[in-house]
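Heads up: the structure comes next, in structure tokens.
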Amino acid sequence: MARSAVRVAAPIQWRMVDALQFCVFSFNRGRFLEHCVRSIERCAPTAAVHIYDDASDDPDTLAALARLRARHSVVVRPGGRQSKHGGLSANMQAALEQVDGRLCFLQDDMQLVRPLDDGDYRGIEAFFGEQPDAGFLHPAFFKGCNRDRDQRITRFDAATGTYFRDGEGMSVGHHYSDIFIAEAARLRAVGWRFTARESGNEPQAQQHFRPMGFLFAPFVMWLPRVPAYRGRTKTWAMARAERRQGSGFHPIADMMAADVQALKARAPEVLPVAEDFLRAGSPPIPAPWHYYPLQKAPLLKALDRLERRWRG
């Protein structure tokens with residue numbers, strides 16, 4: 001599909017304090033949410049944080065939201081059951097409509113792993129400022145479990161200083177991901193509407209924008225082995241898979257200055273794979289990390305699907 005023309009206003013004078021607005025989406029993982037927000041406070045202390053919660057009902061999460069409301073914007077919206085992701089897409093749409101500027105969308109099972117510096121902000125500014133057809137920039141490290149695929153389809157673009165995927169035919173991850181940096185005005189200009197699934201947003205992004213860029217020096221990562229919900233519920237199969245995988249709270253250590261320097265000084269053909277640059281858990285989580293309890297558990301995945309259908 002051909003990309004539609006995008007009308008872009010003249011770039012605003014750059015200021016670090018305005019560089020990013022973080023929007024964090026949460027449901028019933030209060031410990032993870034607070035950890036995510038604290039990582040933003042450490043690594044991007046001037047940035048505004050906006051929390052969109054999918055009507056959590058867990059007491060610990062409600063207490064965490066109350067604490068976070070004292071220093072950040074917290075929006076609690078009615079819980080959604082329209083998809084296995086609950087009300088995520090509706091909350092993402094609300095954030096797009098309510099928050100101005102350059103947005104970084106994260107979820108509560110993620111964290112910033114290093115401080116953002118002037119060079120990081122200027123690189124993001126250049127990506128959007130020099131490419132009027134750019135819609136999305138991915139801020140996270142690559143996952144080791146996808147190493148072979150990513151090595152095969154990923155290329156470095158010297159003109160933008162970012163990676164792109166030669167992933168035509170991918171259902172998601174070529175033009176779009178739910179984790180991204182984007183300019184609110186640019187998405188609004190094309191009438192962007194988030195769908196209930198990432199794969200539904202991929203063709204929309206392909207219509208309006210060039211392929212998604214991936215930061216050469218990422219600053220965000222998913223925590224490994226986290227507990228999960230689908231459709232705001234936890235089935236017996238999901239709980240069993242979590243016990244089997246050892247799901248829990250396994251934070252990632254902040255990168256040391258020397259590690260950040262090595263990340264930024266490496267050759268472009270060395271992809272920023274999380275397990276090669278980061279350390280998670282104590283004792284450390286063995287590589288490759290897993291991020292979803294039902295990963296490589298086909299029988300439990302089938303049982304989870306059946307139970308959710310039975311519950312309606």
Side-chain angles (χ1 to χ4, degrees), residues 16 19-24 35-44 47 102-128 131 134-147 149-151 153-158 160-165 167 172-183 198 211-224 226 250-280 285 287-289 291:
M16 182 178 291
L20 285 178
Q21 303 257 357
F22 286 90
C23 297
V24 183
H35 176 73
C36 178
V37 172
R38 284 196 298 269
S39 77
I40 298 172
E41 293 169 341
R42 285 196 311 274
C43 298
R102 189 163 295 134
L103 312 179
C104 183
F105 276 25
L106 304 178
Q107 294 176 17
D108 55 7
D109 60 343
M110 307 186 77
Q111 71 169 86
L112 272 63
V113 298
R114 64 175 181 84
L116 289 170
D117 60 25
D118 189 78
D120 294 312
Y121 288 119
R122 290 193 182 278
I124 296 168
E125 170 72 16
F127 180 81
F128 290 104
Q131 299 180 99
F136 299 97
L137 179 62
H138 202 282
F141 283 77
F142 287 64
K143 295 178 177 179
C145 56
N146 298 327
R147 185 191 297 270
R149 182 207 66 182
D150 288 336
Q151 196 70 58
I153 68 174
T154 304
R155 61 182 175 83
F156 181 71
D157 179 61
T160 62
T162 61
Y163 294 100
F164 291 96
R165 281 176 171 167
V172 70
H174 187 209
H175 285 76
Y176 177 83
S177 164
D178 278 347
I179 307 305
F180 62 74
I181 299 171
E183 296 192 338
E198 276 186 303
M212 177 173 59
F214 292 77
L215 284 177
F216 177 78
F219 59 88
V220 169
M221 193 53 196
W222 291 268
L223 272 61
V226 298
H250 305 290
I252 297 172
D254 287 353
M255 297 180 73
M256 305 294 288
D259 298 326
V260 176
Q261 183 178 7
L263 173 70
K264 294 188 174 185
R266 76 187 194 283
E269 59 266 24
V270 178
L271 296 182
V273 177
E275 290 89 331
D276 296 343
F277 295 92
L278 306 176
R279 181 174 56 83
I285 302 294
W289 298 346
Y291 302 90

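Throughout, residue positions are numbered sequentially from 1 according to the sequence presented. When reading the values below, keep in mind they use all heavy atoms of this one structure, side chains included, and skip hydrogens, waters and symmetry mates.
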Shortest non-hydrogen contact from [X] toward [Y]:
X	Y	result
Thr162	Phe156	O-CD1, 3.6 Å
Cys104	Pro139	SG-CG, 4.3 Å
Val273	Phe277	O-CD1, 3.3 Å
Ala287	Glu275	CB-CG, 3.8 Å
Ile179	Met110	CD1-SD, 3.4 Å
Pro224	Trp289	CB-CB, 3.8 Å

With Leu112 as reference, evaluate Leu106, Val37, Asp254 under the side-chain contact (heavy atoms from CB on, under 4.5 Å) test and give the passing residue. Leu106

How long is the gap from [atom1] on [X] to [atom2] on [Y], to the nearest 0.5 Å?
X	Y	atom1	atom2	value
Cys43	Arg114	SG	CZ	8.5 Å
Met256	Gln261	CE	CD	12.5 Å
Arg102	Ile124	CZ	CD1	7.5 Å
Phe164	Asp157	CZ	CG	5.0 Å
Leu223	His250	CG	NE2	9.0 Å
Tyr163	Ile153	OH	CD1	13.5 Å

State, with a plain yes or no, whether a side-chain heavy atom of [X] is found less than 4.5 Å away from one of [Y].
X	Y	value
Val260	Asp117	no
Phe141	Leu278	yes
Arg42	Pro115	no
Asp120	Leu215	no
Phe128	Ile181	yes
Arg266	Phe216	yes

I'd like to know if Arg165 pairs up with Asp150 as an ion pair, taking the criterion as any Lys NZ or Arg NE/NH1/NH2 lying under 4.0 Å from an Asp or Glu carboxylate oxygen. yes

Do Arg147 and Asp276 sit within salt-bridge range, that is, some charged N less than 4.0 Å from a carboxylate O? yes

Just by modelled atom types, is the Ile252 backbone N or O under 3.5 Å from a matching donor or acceptor in the Gln111 side chain? yes

Worked check of side chain to side chain contact (heavy atoms under 4.5 Å, CB included) between Lys143 and Trp222: CA-CA 9 Å; Lys143 295 178 177 179; Trp222 291 268; 3.6 Å; yes

Cation-pi check, Arg149 to Phe142: give yes when NZ or CZ is under 6.0 Å from the six-membered ring centre and within 45° of the ring axis, no otherwise. no

Met221 vs Tyr291, side chain to side chain contact (heavy atoms under 4.5 Å, CB included): CA-CA, chis, key distance, verdict: CA-CA 11 Å; Met221 193 53 196; Tyr291 302 90; 3.1 Å; yes

When you look at His175 and Phe136, which way does the side chain to side chain contact (heavy atoms under 4.5 Å, CB included) test go after all the steps? CA-CA 7 Å; His175 285 76; Phe136 299 97; over 6 Å; no

